[in-house]
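Bear in mind the structure is a predicted one, so any value in this text is a computation, not a measurement. Quick note on labels: first sequence line is chain A, next is B, and so on, each numbered from 1.
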Amino acid sequence: MRPFSIVTGKPVPLPVDNVDTDQIIPASFLKVVDRRGLAQGLFHGWRFRKDGSPDPGFVLHQPEHEGANVLLVGDNFGCGSSREHAPWALQAWGFEVILGLGFADIFRGNAHRNGLLTVSLTPSRYEALLSQVRADPGAVVSVDLAAQETTFPDGTTEAFEVDAFARYCMLNGIDTLGHLLEQLPAIEEHEARWPARVFAPPTVEEGETE
Amino acid sequence: MTRPRTLFEKVWDRHLVEKGTTEGLPSTLYIDLHLIHEVTSPQAFTELEDRGLAVRRPSQTVATMDHSTPTDPAISMRELKVLDPQGAGQLDRLQSNCARHGIQLHSLGSRDNGIVHVMGPELGLTQPGMTVVCGDSHTSTHGAFGALAFGIGTTEVGHVLATQALLMHRPRTLEVRVKGDLGPGLTAKDLILSIIATIGVDGGTGHVIEYTGSAIRALDMEGRMTVCNMSIEAGSRAGMIAPDETTFSYLKHRPYAPTGQEWSELVADWRTLPSDPGASYDRTVTLDAGVLEPMVTYGTNPGMAIPVTGRIPDPEALPRSERAGLAKALGYMGLTSGSRLQDQKVQTVFLGSCTNSRISDLRAAAALMEGKRVASGVRMLVVPGSQRVKREAEEEGLAGVFTAAGAEWRNPGCSMCLAMNTDKLKPGEYALSTSNRNFEGRQGPGSRTFLGSPLTAAATAITGFVTDPREVSP
Ligand code: SF4
């Protein structure tokens, strides 16, 4: 994971509430055993027309949003399925920050663990930014994770809340598994106190698969 | 006297390896049972192997194949490799990962294979007071046993494989109290659709729901699973129901349930789990089951549900902030404000998914369909949740009722719930589906989904229109 510092970019407006992870990346793109082809699947149902051709009207296909790294979304973004392919696909497209009114719990956690920052805006800020971006697609915002502050196109700023541990990990480009592994002695102690149920001898049941 | 605690707090407290700090360090939570499937696990195994780590507790991990598996009995594994090499590749990968790490796998076609959230409970793997996770948002299903069960991302799947623990902040609690009794023709599905319509698709965000009240206590275990299953559709990662005699009698004699002395000791312990009198929740919402009607969704999220007797709402009648969302949903669904839900024709009926594919769901639908025919021009797919459910339904004659009515009787799997295999709607087609998500394209590109109960699905299959099951006599 790359350390996150300051991200500056032109927000792509997608002012829709309750965008579920099936919209972000449909199930047909989840058949991979790695992270290949995920950018191709991003917002697939919205980026392509019924005949399969790309929809030039969809915001991500507009020339002024080529190379976009900041997305501006509505409320409850990323609801539904827990698929981590959603933040992976957004990152594969080039997004580094998602600004919005609100995010679903599982999505936000998945995004942060991959270094994709989500920033919740106050409703008035959201509306103001949306108008600014619509009036001028070249409008730029800057998101400073260390300072926990967003700078808007008119130069004003707004502080944002972020989970302190996620922030620490993102700023330093470290993942959280290391922290968990350090706790193995405590985990073993817990197992001694509360013996977990063991379900079966570790055997592989033979099915039709071979 | 210790402070009164909720069910959630009791389960949380006893799994706390390390408590979070006020400076923002998350808590470390011990995980008892980890379920995995082919779609969200491969990258986690790769990560583990890249770091030279082993699966720490393989005997607390159980795998199944369910999401991209074929349900058409005519498709064998060999044919799948030709028809869907990518999907078959994922199944192969799960098989080899499980073999290499000594993980119990219920592979395609094997005796106990099924949808992960049907299989876990019916094998007795899911037990009261446990922590259960899976790389799948409907893991909330297992909360029906008084377990703390929630979906996780693939990175976290790797964390649990490597350590048998997870980092997380303690969620808040939301009590959803349902008083009264469900009327005839109503099911757990109508209840949870009403709850989501009431609190909203993000009404439970940041919270664990505990369902309480007489209407919840009256549900059997399969109904309770239906309710907890859709907690995530209200934004809650987990939903829980306190264990009681209903829970214990369901669990007793299941293959992985404890026996003898151990069983008695555990039951005694489980009886201490329900929320103490006077325990407080961060929020409480109350509903009356007595006034509910069968619920059906008309839009593109599970909160857009109305009584089956209702009319499609008008965006203009909504607060400004919600108008665009409803207008977009109605445009996608091809529905007009003010029209009756019951005038909507369907081309497909799907009875299945981890919400409603258990034996009681199939019994309810079959009772309504016995001696009747699926309407002409309608295709009905009945997909049992597991091999066990399939065998039971065949022995009871339910499968015969469905096939005599003209429905297709399939092999178990997720099937048309997420359309990763060939079970898909055609673009623009309407389906009445007993699954949990009516998102755009969920049942195939351009698919249009009405969510409802197994009874509503059966009634709709018979008439070809969205139908109130109370109007169809068994
Ligand atoms: S049946 Fe549907 S919701 Fe349930 S696990 Fe399968 S895909 Fe997910």
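- If you measure heavy-atom distances from B:Pro258 to chain A, the contacts under 4.5 Å come from both the backbone and the side chain.
- Top candidate by heavy-atom pairs under 4.5 Å with chain A, chosen from B:Thr300, B:Val201, B:Asn301, B:Leu167, is B:Leu167.
- Shown here for A:Ala164 and B:Gly24, the closest heavy-atom pair between the two residues is CB-CA, 4.1 Å.
- A salt bridge between B:Glu38 and A:Lys31 is absent, with no side-chain N of the basic residue lying under 4.0 Å from a carboxylate O of the acidic one.
- For chain B, the option among A:Leu30, A:Thr176, A:Ile187, A:Asp20 with the highest count of heavy-atom pairs below 4.5 Å is A:Asp20.
- Only the side chain of B:His169 comes within less than 4.5 Å of a heavy atom in chain A; its backbone stays farther off.
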As a quick check of understanding, evaluate side chain to side chain contact (heavy atoms under 4.5 Å, CB included) for A:Trp194 and B:His15, giving each step before the final call.
CA-CA 8 Å; A:Trp194 293 98; B:His15 289 86; over 6 Å; no

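- Residue B:Asn436: no heavy atom, backbone or side chain, is found under 4.5 Å from chain A.
- When each of B:Gln127, B:His138, B:Lys328 is checked for heavy-atom pairs under 4.5 Å with chain A, B:Gln127 comes out on top.
- By the side chain to side chain donor-acceptor pair (under 3.5 Å) test, A:Gln40 pairs with no residue at all, sequence neighbours left out.
- Heavy-atom pairs under 4.5 Å with chain A were tallied for B:Glu322, B:Glu233, B:Met130; the largest tally goes to B:Met130.
- Between A:Leu181 and B:Leu53 the shortest side-chain heavy-atom distance falls below 4.5 Å.
- Residue contact with chain A, scored on non-hydrogen atoms closer than 4.5 Å, is absent for B:Met168.
- Neither the backbone nor the side chain of B:Thr139 comes within contact range of chain A, judged by heavy atoms closer than 4.5 Å.
- Among the candidates A:Asp75, A:Leu184, A:Asp105, A:Asn18, the residue making the largest number of heavy-atom pairs closer than 4.5 Å to chain B is A:Asp105.
- Between the CZ atom of A:Phe29 and the CE atom of B:Met420 there is a distance of 11.0 Å, given to the nearest 0.5 Å.
- Looking at B:Leu94, there are no atoms closer than 4.5 Å to chain A (heavy atoms on both sides), in backbone or side chain.
- Counting heavy-atom pairs closer than 4.5 Å to chain B, the top residue among A:Arg108, A:His179, A:Arg193, A:Glu189 is A:His179.
- When all heavy atoms of B:Gly135 and A:Ser82 are compared, the pair lying nearest together is C-OG, 3.7 Å.
- Remark: B:Thr126 pairs with B:His142 by the side chain to side chain donor-acceptor pair (under 3.5 Å) rule, at least two apart or across chains.
- For A:Asn110, the part lying under 4.5 angstrom from a heavy atom of chain B is the side chain only.
- Expressed to the nearest 0.5 Å, how far CD of A:Glu188 lies from CD of B:Gln164 amounts to 12.0 Å.
- The line from OG1 of B:Thr28 to CD of A:Glu182 is 10.5 Å long, rounded to the nearest 0.5 Å.
- Between B:Leu16 and A:His190, the shortest heavy-atom contact is O-ND1, 3.6 Å.
- Nearest heavy-atom pair, B:Thr205 versus A:Phe103, reported as atom, atom and distance to 0.1 Å: CG2-O, 4.2 Å.
- With chain B as partner, the option from A:Arg83, A:Arg35, A:Arg113, A:His44 having the largest number of non-hydrogen pairs under 4.5 angstrom is A:Arg113.
- Using a 4.5 Å cut-off between heavy atoms, B:Asp202 contacts chain A through both its backbone and its side chain.
- When the candidates B:Val62, B:Thr40, B:Thr46, B:Leu33 are compared by the number of heavy-atom contacts under 4.5 Å with chain A, B:Leu33 comes out ahead.
- Here B:Glu440 is the residue among B:Gln60, B:Glu440, B:Arg93 with the most heavy-atom pairs under 4.5 Å with chain A.
- A:Ile106 is listed as a side-chain neighbour of B:Ile232, based on a closest heavy-atom distance under 4.5 Å.
- With a 4.5 Å cut-off on non-hydrogen atoms, B:Arg57 touches chain A through its side chain but not through its backbone.
- Using a 4.5 Å heavy-atom cut-off against chain B, the contacting residues of residues 114-134 of chain A are A:Asn114.
- Contact of A:Tyr168 with chain B is not made at all, since no heavy-atom distance falls under 4.5 Å.
- Looking only at heavy-atom pairs under 4.5 Å with chain B, the residue among A:Pro87, A:Gly74, A:Ser81, A:Pro15 that has the most is A:Ser81.
- Inspection of the B:Gln43 and A:Trp88 side chains reveals no N or O donor paired with an N or O acceptor under 3.5 Å.
- B:Glu18 places no side-chain N or O within 3.5 Å of a backbone atom of A:Gln183 that could act as its donor or acceptor partner.
- Between A:Leu180 atom CG and B:Leu166 atom CG the span is 7.0 Å, to the nearest 0.5 Å.
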Walk me through it: do A:Leu177 and B:Thr155 pass the test side chain to side chain contact (heavy atoms under 4.5 Å, CB included)?
CA-CA 9 Å; A:Leu177 179 55; B:Thr155 299; over 6 Å; no

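- For a residue to count as touching a neighbouring chain, one of its non-hydrogen atoms must lie under 4.5 Å from one of that chain's; by this rule B:Ala165 touches chain A with backbone and side chain alike.
- Expressed to the nearest 0.5 Å, how far CG of B:Leu418 lies from CG of A:Asp22 amounts to 7.0 Å.
- Interatomic distance, NE2 of A:His85 versus OG1 of B:Thr154, reported as 5.5 Å (0.5 Å rounding).
- Residues passing the side chain to side chain donor-acceptor pair (under 3.5 Å) test with B:Gln387: none are found, sequence neighbours excluded.
- Across all non-hydrogen atoms, the minimal contact from B:Gln90 to A:Val32 is NE2-O, 3.1 Å.
- Contacts of B:Glu23 with chain A are made by backbone atoms alone, with heavy-atom separations under 4.5 Å and no side-chain atom involved.
- Note on B:Asp32, B:Leu125, B:Leu266, B:Ile31: by heavy-atom pairs under 4.5 Å with chain A, the leading option is B:Leu125.
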